[in-house]
S.K.: 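Quick one: this structure, given as structure tokens, is what I'll be asking you about.
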Amino acid sequence: MERQILRVNLSDGSIRQEDIPAKVCRDFIGGRPLAVRYLYGELAAGVAPLSPENILIFSAGPLAGSGARGVNRWLAVTKSPLSGGFIRSVGGSDFGAWLHGAGYEILLLTGQAAEPVYLYLGPRGQVELRPAKDLWGQGTQATQAELRRRHGREARVACIGPAGENLVRYASIVSNHSTAARGGVGTVMGAKKLKAVVVESEPDIPAADRELWSRLLGRQRELIDRRDHRAPLPGAIKGAILPTRNFQGAWQADVDPVNQPHLLEREGPEFQTCWALGANPGHFDPDLLALANERCNDLGLDTVSTGGSIVFAYELQQRGLLKAEGFDLGWERPQATLELISMIAYRKGLGELLAEGVNRAAEYIGFGAAEYAMTVKGIEMPGYDPRVRPLHGLGMVVSALGGSYCYGKALHAGLFAADREGEDLVDQVSRIQETTAALETGIGCLFAHLGGWLPLELMTAMLTAVTGTELTLEELHMAATRSLTLERAFNLREGLGREVDTLPARFLREGIAAGEIKAGPFTNLPELVQAYYRRCGWDDQGRPEPATLERLGLELIRLDQPREFKVAFSRELI
């Protein structure tokens, strides 16, 4: 079975299709590992994230569009405008299935269009760049509606909003009501003047081994019928310990938006949005939350970084370090959050500064503002306090993704469960991150896995049936480890080493006490980081040891001398 990549150079309009080499498929399998392989191998060191030379990858897993459940997610992979390092952001809905249905597992975008365009993938291999000047400035919902009017109601669209066009450093990519949000993937898309990707070819991915595939689908149906309905929902927050006021305090949530029908009807906010735009600013109003979420999604803003930037400004105002002329800024005015969302997307007033992200805003302000920048590797932190949840804290610190929350904690004993006592924290973090990367090889849905109807053993067998290449669970985990190692090597090459594997000083120096919630500072973090390095086969600077690279067969990694990786084109389309 041929597995293909589509290359689009937006600068000159060239579009080329090629087969993915068999050895690359064997070693990296698909999804996240495969995308990392191409990003690391083809992006030159030191490229500015918003330059035409940066690469933006859309990745669909080998199982997308096959008829299996929970495997249609997609990834946006690039060099982050926030961190300057590796980022991958996960998108939901079924855009991944349609991208794969068009014939491609990897869509690799380079260059920059002279005028706004959208990429159209149609039936029978039709691929075109089309003008999008009339769509530029439109919100994501209007953009999707117009493109479906042009290409049919069943067409699938992934697009950016005004935030991506205006190069807000944490812009998202939106498909239907789902977002690939973290790390500025939509910003890179905006820098390339690519408004949208439209797919009109319906998914119909045949299995190489139809008999095996039929049995596996039957097995999954059985698991779905008896699935664990107690598995955590993305929007459930009841009982969660939520940081408040830019991590100055904490609150144990006593509401659950999932049980509020009027929010569900409005595609109500998920957990991280409920925290970032509600609990963290300190005004948990479900209706305001829903409106703020809808505004962020339509403008194409990552809700977590948006909320993190807003509360950063609130704390600076509290400390006397920031005053916004002509704008009433502060914790006591919930409406300010809604107003700032629009100001950020359009870079108006204070929004011009906050659109740069917390780290850059702190650097610009000076006067000790960096003390209140709650970021890891330059990316605004999610709604977990590392002092209360050390597993989260260590996971963020050692992950190449930094403050992105999709590093795997939810695979532990539920989204908000306490860290397991009696288990080694480093082993837990390593195991969870490897499992997450293995799942994203599929690309499998985290909640399908948690619900019990997409175990890795089943996904491995499905990959064998669809691709026709015999695959073992051990090989799946090996591909995941290669991915994590390449992500680390990418960051090292871009100057993100041991010095950024840490938390903001607030967590290292200060404890927290809020009612019954009490925790001391995270003082043993440096020792845990060193233990994680050893667990991964890295040296004390966090650099993969030569023996580790040899064991993983990662001969392309040359930390002292970056090396270019290219695959010859098999067919030129334009």
Side-chain angles (χ1 to χ4, degrees), residues 48-50 79-85 87 162-172 181-188 190-191 243-248 275-277 280-282 292 296 299-331 333 336-383 396 402-404 496 500 502-507:
L50 299 184
K79 182 178 182 179
S80 169
L82 278 175
S83 70
I87 194 70
E165 299 168 5
N166 293 322
L167 305 185
V168 177
R169 285 188 180 265
Y170 39 88
S172 61
R182 305 299 334 261
V185 292
T187 317
V188 176
T244 60
R245 298 201 169 205
N246 202 29
F247 293 86
Q248 294 182 75
W275 167 74
L277 298 176
N280 202 15
C296 282
L299 293 170
L301 281 169
D302 170 21
T303 57
V304 175
S305 284
T306 299
S309 298
I310 289 171
V311 298
F312 170 68
Y314 287 173
E315 184 169 5
L316 291 188
Q317 188 268 350
Q318 169 194 331
R319 309 258 176 204
L321 296 174
L322 179 66
K323 185 175 180 180
E325 297 293 337
F327 187 80
D328 186 4
L329 181 70
W331 303 110
R333 198 168 77 87
T337 296
L338 286 174
E339 295 169 6
L340 281 168
I341 288 170
S342 296
M343 291 169 67
I344 289 169
Y346 291 103
R347 287 182 172 268
K348 301 289 188 181
L350 179 59
E352 176 72 44
L353 177 63
L354 299 183
E356 288 296 302
V358 167
N359 273 20
R360 285 174 176 80
E363 183 178 355
Y364 177 83
I365 293 166
F367 299 104
E371 285 286 314
Y372 313 106
M374 299 297 107
T375 65
V376 178
K377 293 183 174 72
I379 296 181
E380 290 74 21
M381 290 173 61
M396 281 185 282
S404 175
L496 300 178
V500 297
T502 190
L503 290 165
R506 169 169 283 163
F507 304 109

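Computed from heavy atoms alone, side chains included, the values below leave out hydrogens, waters and symmetry copies. These figures come from a predicted structure and were not determined experimentally.
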S.K.: Arg182 pairs by side-chain hydrogen bond (donor to acceptor under 3.5 Å, both in side chains) with which of Ser172, Ser80, Ser305, Ser404?
M.R.: Ser305

S.K.: Taking it one step at a time, do Val304 and Leu277 satisfy side chain to side chain contact (heavy atoms under 4.5 Å, CB included)?
M.R.: CA-CA 8 Å; Val304 175; Leu277 298 176; over 6 Å; no

S.K.: With the side chain counted from C-beta on, respond yes when Leu340 and Phe327 share a heavy-atom pair under 4.5 Å apart, and no when they do not.
M.R.: yes

S.K.: Salt bridge or not for Arg319 and Glu371, using N-O below 4.0 Å?
M.R.: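 Judged by the 4.0 Å cut-off on N to carboxylate O distance, Arg319 and Glu371 do not form a salt bridge.
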
S.K.: Kindly determine whether Glu315 and Arg506 satisfy salt bridge (Lys or Arg N to Asp or Glu O under 4.0 Å), including the steps that lead there.
M.R.: CA-CA 13 Å; Glu315 184 169 5; Arg506 169 169 283 163; 2.6 Å; yes

S.K.: With a 4.5 Å heavy-atom cut-off, do Pro281 and Ile310 have their side chains touching?
M.R.: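 Pro281 vs Ile310: side chains apart.
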
S.K.: Can you tell me how far CG of Asn280 sits from CD of Gln248, rounded to the nearest 0.5 angstrom?
M.R.: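 Rounded to the nearest 0.5 Å, the CD-CG separation comes to 9.5 Å.
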
S.K.: When you compare the side chain of Thr187 with that of Tyr170, does any pair of heavy atoms fall below 4.5 Å?
M.R.: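 Not in contact.
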
S.K.: Output, in order, the C-alpha distance, side-chain angles, deciding distance and verdict of side chain to side chain contact (heavy atoms under 4.5 Å, CB included) for Arg169 and Arg360.
M.R.: CA-CA 10 Å; Arg169 285 188 180 265; Arg360 285 174 176 80; 3.5 Å; yes

S.K.: Quick one: list whatever passes side chain to side chain contact (heavy atoms under 4.5 Å, CB included) with Glu352, sequence neighbours left out.
M.R.: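 Once residues adjacent in sequence are excluded, the partners of Glu352 under the side chain to side chain contact (heavy atoms under 4.5 Å, CB included) criterion are Arg347.
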
S.K.: Please list, chain by chain and in numerical order, all residues satisfying ring pair (Phe, Tyr, Trp, His ring centres under 6.0 Å) with Phe312, sequence neighbours excluded.
M.R.: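 None.
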
S.K.: Any non-hydrogen side-chain atom of Lys377 less than 4.5 Å from a side-chain atom of Met396?
M.R.: no

S.K.: Between Leu82 and Glu380, is the side chain to side chain contact (heavy atoms under 4.5 Å, CB included) condition met? List the steps.
M.R.: CA-CA 9 Å; Leu82 278 175; Glu380 290 74 21; 3.5 Å; yes

S.K.: Do Val185 and Asp302 have side-chain heavy atoms sitting under 4.5 Å apart?
M.R.: no

S.K.: Distance check, rounded to the nearest 0.5 Å: Asn359 atom CG versus Ser309 atom OG?
M.R.: 9.5 Å

S.K.: Sequence neighbours left out, what passes ring pair (Phe, Tyr, Trp, His ring centres under 6.0 Å) with Tyr314? Give chain and number order.
M.R.: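 Partners of Tyr314 under the ring pair (Phe, Tyr, Trp, His ring centres under 6.0 Å) test: Trp331.
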
S.K.: May I ask you to test the Met343-Leu350 pair for a side-chain heavy-atom distance under 4.5 Å?
M.R.: yes

